[in-house]
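Every value quoted in this text rests on a predicted model; they were computed, and no experiment measured them. Every chain is numbered from 1, with letters handed out A, B, ... down the list of sequences.
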Amino acid sequence: MQLSLLDVASPEDGPRTRVDELRRQLEHHNRLYYVLDTPAITDAEYDALFRELQRLEEQYPDLVTPDSPTQRVGGAALEKFTPVTHRLPLLSLENATNAEEIREFDLRVKKVLGLPQDEAISYICEPKMDGLAVELVYEDGLLTVASTRGDGVTGEDVTENIRTIRSLPLRLSGESVPGLLEVRGEVFLSLDAFQKINAEKEENGEAPFANPRNAAAGSLRQLDPRITARRPLSLYCYAPGVAEGADFLSQQEFFAALAGWGLPVNPLVRPAVGIEAAVAYYDEMQQQRESLPYEIDGTVIKVDSFALQGELGEKSRSPRWAVACKFPPRQAVTVLEDILLSVGRTGVITPVAQLRPVEISGVTVSRATLHNWDEIALKDIRIGDTVVVERAGDVIPAVVRVLPEKRTGAEQVAFPPEKCPECGSAATRIADEVAVRCMGLACPPQIRESIAHFASRNAMDIDGLGDKFVEQLLSLGLVQSVADLYYLTRDDFMRFERMGDKLASNLLGAIEASKQRELGRLIFALGIRHVGERTAKALAQAFGSLENLEKATFEELVSIRDIGATVAQSIRSFFDNQANIDVIQRMLAAGVTPTEEKKKVGGRFSGKSFVFTGALTRFTRDEARQMVEDEGGNAVGSVSRKTSYVVAGEDAGSKLNKARELGVTVLTEDEFITLLEPAD
DNA sequence: TAGCCTCGAGTTCA
DNA sequence: CTCGAGGCTA
């Protein structure tokens with residue numbers, strides 16, 4: 001395996017042979033250096049080989065290939081990152097924070113699989129790198145696309161930056177390279193690299209990065225890959241995406257295949273038979289944590305067998321076959337100086353802790369949400385207390401507990417407000433609810449936040465209209481409700497502070513553009529209580545137009561999946577309020593025309609709703625719902641006059657009776673299947 | 001009626 | 001990210 005500088009082809013053998021040879025050697029030494037950590041040549045020798053290759057490629061441009069080591073650093077900077085939609089979404093993991101929760105995970109796995117509790121499942125354990133998830137796509141062995149995780153469905157194209165990672169092969173080596181291979185991995189910075197980068201930053205008088213993860217994120221998001229190339233990022237691969245022409249039956253086989261192709265895998269990955277071995281691994285990694293050359297924030301336990309993984313399946317955002325075992329987050333002690341009150345869009349008054357600024361894992365924290373007064377009472381948090389603070393998931397600060405031994409007696413107990421701190425209206429706690437609400441209709445922050453919500457990215461997406469401008473619109477009296485946005489003129493905007501022609505045009509353009517948004521966005525934008533993004537979309541699909549939704553009866557609303565009495569009532573009262581109708585009318589009059597929601601294809605069941613009841617034998621409830629939705633229908637939970645069909649399995653009970661009472665058509669499972677078959 | 005599972009709403013810092 | 005709450009299923 002050892003390659004020496006002497007027993008290789010000489011330049012006289014022809015440039016092509018030499019170029020191939022140099023590439024082979026450079027990749028080989030890259031791997032020895034970065035992956036196996038056993039360099040065989042000095043840096044100077046490596047540089048000599050690299051420069052020779054560069055010279056040859058300059059001389060013979062025809063010989064340049066995209067997987068050449070010289071091509072790791074691309075040319076010019078990008079304008080922006082292009083979005084990439086992942087073929088399979090990148091899910092997140094459920095968390096466990098201690099051994100007990102890890103054991104609960106194991107019990108859940110066995111319960112779902114129907115295995116006895118004393119069965120020892122084969123798991124794979126890995127350190128959980130504190131970095132950024134990416135997805136790499138190799139087509140016919142060649143790295144073609146690398147993208148960030150993004151929201152799990154769509155990420156950003158960071159191929160040029162990923163190519164600068166020296167431990168990553170641009171072309172897969174070894175036998176039986178698959179036609180298409182997607183690999184998920186974690187990009188991170190070693191502590192050494194992190195310190196080096198920060199030293200450089202400080203020399204240049206720039207602010208240092210708070211921690212290695214931020215530094216890695218900053219480096220990966222560089223538009224100029226030449227800058228990224230100077231930040232020695234690393235990467236470990238850990239999970240497959242789509243793989244065509246490769247079949248691994250287990251996580252272990254997958255890791256072995258990765259190693260065979262030259263992809264970097266964390267050497268600390270280890271199998272564990274039975275959950276106790278996995279718990280031991282977790283404990284062991286926690287011991288080793290401080291001596292590792294990179295940061296980890298826990299371990300990951302996965303069911304080894306892909307067959308079992310498939311059987312366990314996924315919930316909406318996380319698989320049931322893996323768990324992230326988090327180490328206790330880094331904590332800090334500080335003083336809680338005050339409890340501030342923040343009023344949200346819905347009037348909920350949330351207590352926020354004002355803290356004496358304290359540094360936690362590189363970031364200075366001065367505020368932390370306290371959620372509600374039950375929480376404050378439960379933890380017995382008082383103003384003036386010395387408290388332990390941590391950053392949950394290393395992001396959002398949270399007050400964990402107080403240190404009562406530090407009390408002086410001067411601490412003050414905080415009570416829920418009786419009046420809204422912003423508008424002075426009565427603040428009440430509705431029965432059975434934890435939240436305290438401001439009941440004022442004209443409460444300024446509520447109005448400001450609801451208009452900002454209307455304009456926000458996932459609602460009407462009025463680019464540039466944030467809190468700041470909404471505030472000014474309100475204080476200048478230019479806007480009372482969201483409808484007024486559509487009557488603003490250029491002159492109105494020019495009254496703003498620091499407003500130029502350009503900015504005014506942009507805002508007007510953004511408002512104009514928002515007139516045509518999908519119906520679901522508009523419904524979401526209205527800010528009806530209990531109607532978030534998902535529900536709004538469901539309503540848009542079910543009713544097709546704002547007018548239909550306005551007229552919808554409580555019964556009709558309840559017959560929609562995931563809408564129960566509470567949500568239906570909330571929607572009804574929103575539209576029963578004349579003020580709301582006026583705002584909507586004024587908006588429509590200004591030319592707001594919601595666009596059609598993308599209808600599902602087929603649609604033979606469109607407008608039809610199905611209720612499944614009793615024990616189904618030919619399909620599960622989920623499958624049944626899927627089949628109905630695929631044909632454009634709704635599968636709902638309860639029978640009403642609006643229900644088109646009730647499909648009754650064995651031992652159907654009250655729903656079947658109700659269907660008969662109301663005269664709704666009742667189908668057997670077989671009849672339902674017949675209905676599904678194409679009409680012709 | 002309990003126990004999932006999802007959704008909604010509020011939140012931090014750079 | 002977290003908590004609370006609504007809806008659905010067993």
Side-chain angles (χ1 to χ4, degrees), chain A residues 92-95 97 108 111-112 206-211 213-215 217-218 221 313-318 320 324 326 329 340-355 357-375 378 389-400 430 432-437 445-446 449-450 452-453 456 458-459 524 527-538 557-571 611-616 620-622 624-625 635-638 651 653 655:
Chain A
S92 50
L93 294 181
E94 198 128 301
N95 290 331
T97 53
R108 273 201 308 277
K111 197 171 144 201
V112 175
E206 295 169 51
F209 285 113
N211 52 53
R213 203 214 357 226
N214 285 3
R221 289 194 46 86
E314 275 128 27
K315 296 192 288 186
S316 73
R317 291 199 320 272
S318 57
R320 265 188 280 257
K326 299 286 199 129
L340 311 174
L341 302 172
S342 129
V343 182
R345 147 171 87 90
T346 59
V348 172
I349 302 173
T350 312
V352 177
Q354 172 74 55
L355 305 166
V358 63
E359 190 177 297
I360 312 175
S361 52
V363 174
T364 306
V365 170
S366 55
R367 308 176 113 208
T369 177
L370 295 169
H371 295 117
N372 57 56
W373 274 270
D374 280 8
E375 190 88 0
L378 189 73
V389 180
E390 68 182 28
R391 296 210 302 152
D394 258 1
V395 184
I396 314 261
V399 174
V400 185
I430 301 164
D432 295 340
E433 268 192 13
V434 174
V436 175
R437 276 203 154 76
Q446 280 186 62
E449 293 304 316
S450 60
H453 165 77
S456 68
N458 293 327
F524 173 51
I528 304 167
R529 268 243 266 158
H530 297 123
V531 177
E533 232 176 311
R534 301 289 283 252
T535 310
K537 202 168 164 111
L557 289 165
V558 168
S559 79
I560 291 166
R561 199 189 143 70
D562 289 333
I563 294 183
T566 313
V567 180
Q569 184 51 53
S570 160
I571 296 168
V611 173
F612 292 86
T613 180
L616 303 174
T620 66
R621 282 196 147 64
D622 258 5
R625 174 168 46 100
V636 301
S638 65
D651 299 323
K655 286 182 193 172

> Roughly how many Å is it from NE2 in A/H371 to P in B/dT11, rounded to a whole number?
Replying inline: 10 Å
>> Give me the atom names and distance for the closest heavy-atom approach of A/H371 to A/T350.
In response: O-CG2, 3.6 Å
> Among B/dT12, B/dC5, B/dG10, which is the nearest nucleotide to the side chain of A/R320?
Replying inline: B/dC5
> Touch check for A/A435, heavy atoms < 4.0 angstrom, all strands: base, sugar-phosphate only, or nothing?
Replying inline: nothing
> Would you find a donor on one side and an acceptor on the other, under 3.5 Å apart, between the side chain of A/H530 and the backbone of A/I563?
Replying inline: no
> Under a 4.5 Å cut-off applied to non-hydrogen side-chain atoms, are A/K537 and A/F524 in contact?
Replying inline: no
>> Has A/S570 got a side-chain atom pairing as donor or acceptor with A/R529's backbone, closer than 3.5 angstrom?
In response: yes
> Given atom CD of A/E94 and atom P of B/dC5, what is their separation to the nearest angstrom?
Replying inline: 8 Å
> Considering only side-chain heavy atoms of A/N372, which listed nucleotide, C/dG7, C/dC3, B/dT11, is closest?
Replying inline: C/dC3
> Taking for each residue the nucleotide of DNA chain B bearing the nearest heavy atom, is the 5' side occupied by A/V352 or by A/R437?
Replying inline: A/R437
>> From the set C/dG7, C/dG4, B/dT11, return the single nucleotide nearest to any side-chain atom of A/T350.
In response: B/dT11
> For A/H453 and B/dG8, what is the distance between atoms NE2 and P respectively, to the nearest whole Å?
Replying inline: 10 Å
> Can you check whether A/T346 has a side-chain N or O nearer than 4.0 Å to OP1 or OP2 of B/dG10?
Replying inline: yes
> Between A/T566 and C/dA5, is there a side-chain N or O to OP1/OP2 distance below 4.0 Å?
Replying inline: no
> Hey, which of these two, A/F524 or A/P397, hits DNA chain B nearer its 5' end, going by closest nucleotide?
Replying inline: A/F524
> What nucleotide, of B/dA9, C/dC8, B/dT12, holds the atom closest to the side chain of A/D562?
Replying inline: C/dC8
> Please give, in whole Å, the distance from C/dC8 P to A/I563 CD1?
Replying inline: 9 Å
>> What is the distance, to the nearest angstrom, from the CD atom on A/E533 to the C1' atom on B/dA9?
In response: 12 Å
>> Taking 4.0 Å as the cut-off, does a side-chain nitrogen or oxygen of A/R529 come that near to OP1 or OP2 on C/dG6?
In response: no
>> Contact between A/R367 and A/L340 at the side-chain level, heavy atoms closer than 4.5 Å - yes or no?
In response: yes
> Between B/dG10, C/dG4, B/dT12, which nucleotide gets closest to the side-chain atoms of A/E375?
Replying inline: C/dG4
> Taking the side chain of A/V363 as its heavy atoms from C-beta onward, which of B/dA14, C/dG4, B/dT11 lies nearest to it?
Replying inline: B/dA14
> Rounded to the Å, how far apart are A/H530 NE2 and C/dA5 P?
Replying inline: 9 Å
> With respect to the side chain of A/T369, which nucleotide from B/dA9, B/dC13, B/dT11 is positioned closest?
Replying inline: B/dT11
>> If I take atom CG in residue A/N458 and atom P in nucleotide B/dC7, what distance separates them, rounded to the nearest angstrom?
In response: 14 Å
> How long is the line joining CZ of A/R367 and P of B/dT12, in whole Å?
Replying inline: 6 Å
> For B/dG10, does either OP1 or OP2 sit under 4.0 Å from a side-chain N or O belonging to A/S342?
Replying inline: no
>> Is there a side-chain contact between A/N214 and the phosphate of B/dA14, meaning an N or O under 4.0 Å from OP1 or OP2?
In response: no
> If you look at every heavy atom in A/V352 and A/L370, which pair is closest and at what distance?
Replying inline: C-CD1, 4.2 Å
> With respect to the phosphate group of B/dT6, does any side-chain polar atom (N or O) of A/R534 fall under 4.0 Å of OP1 or OP2?
Replying inline: no
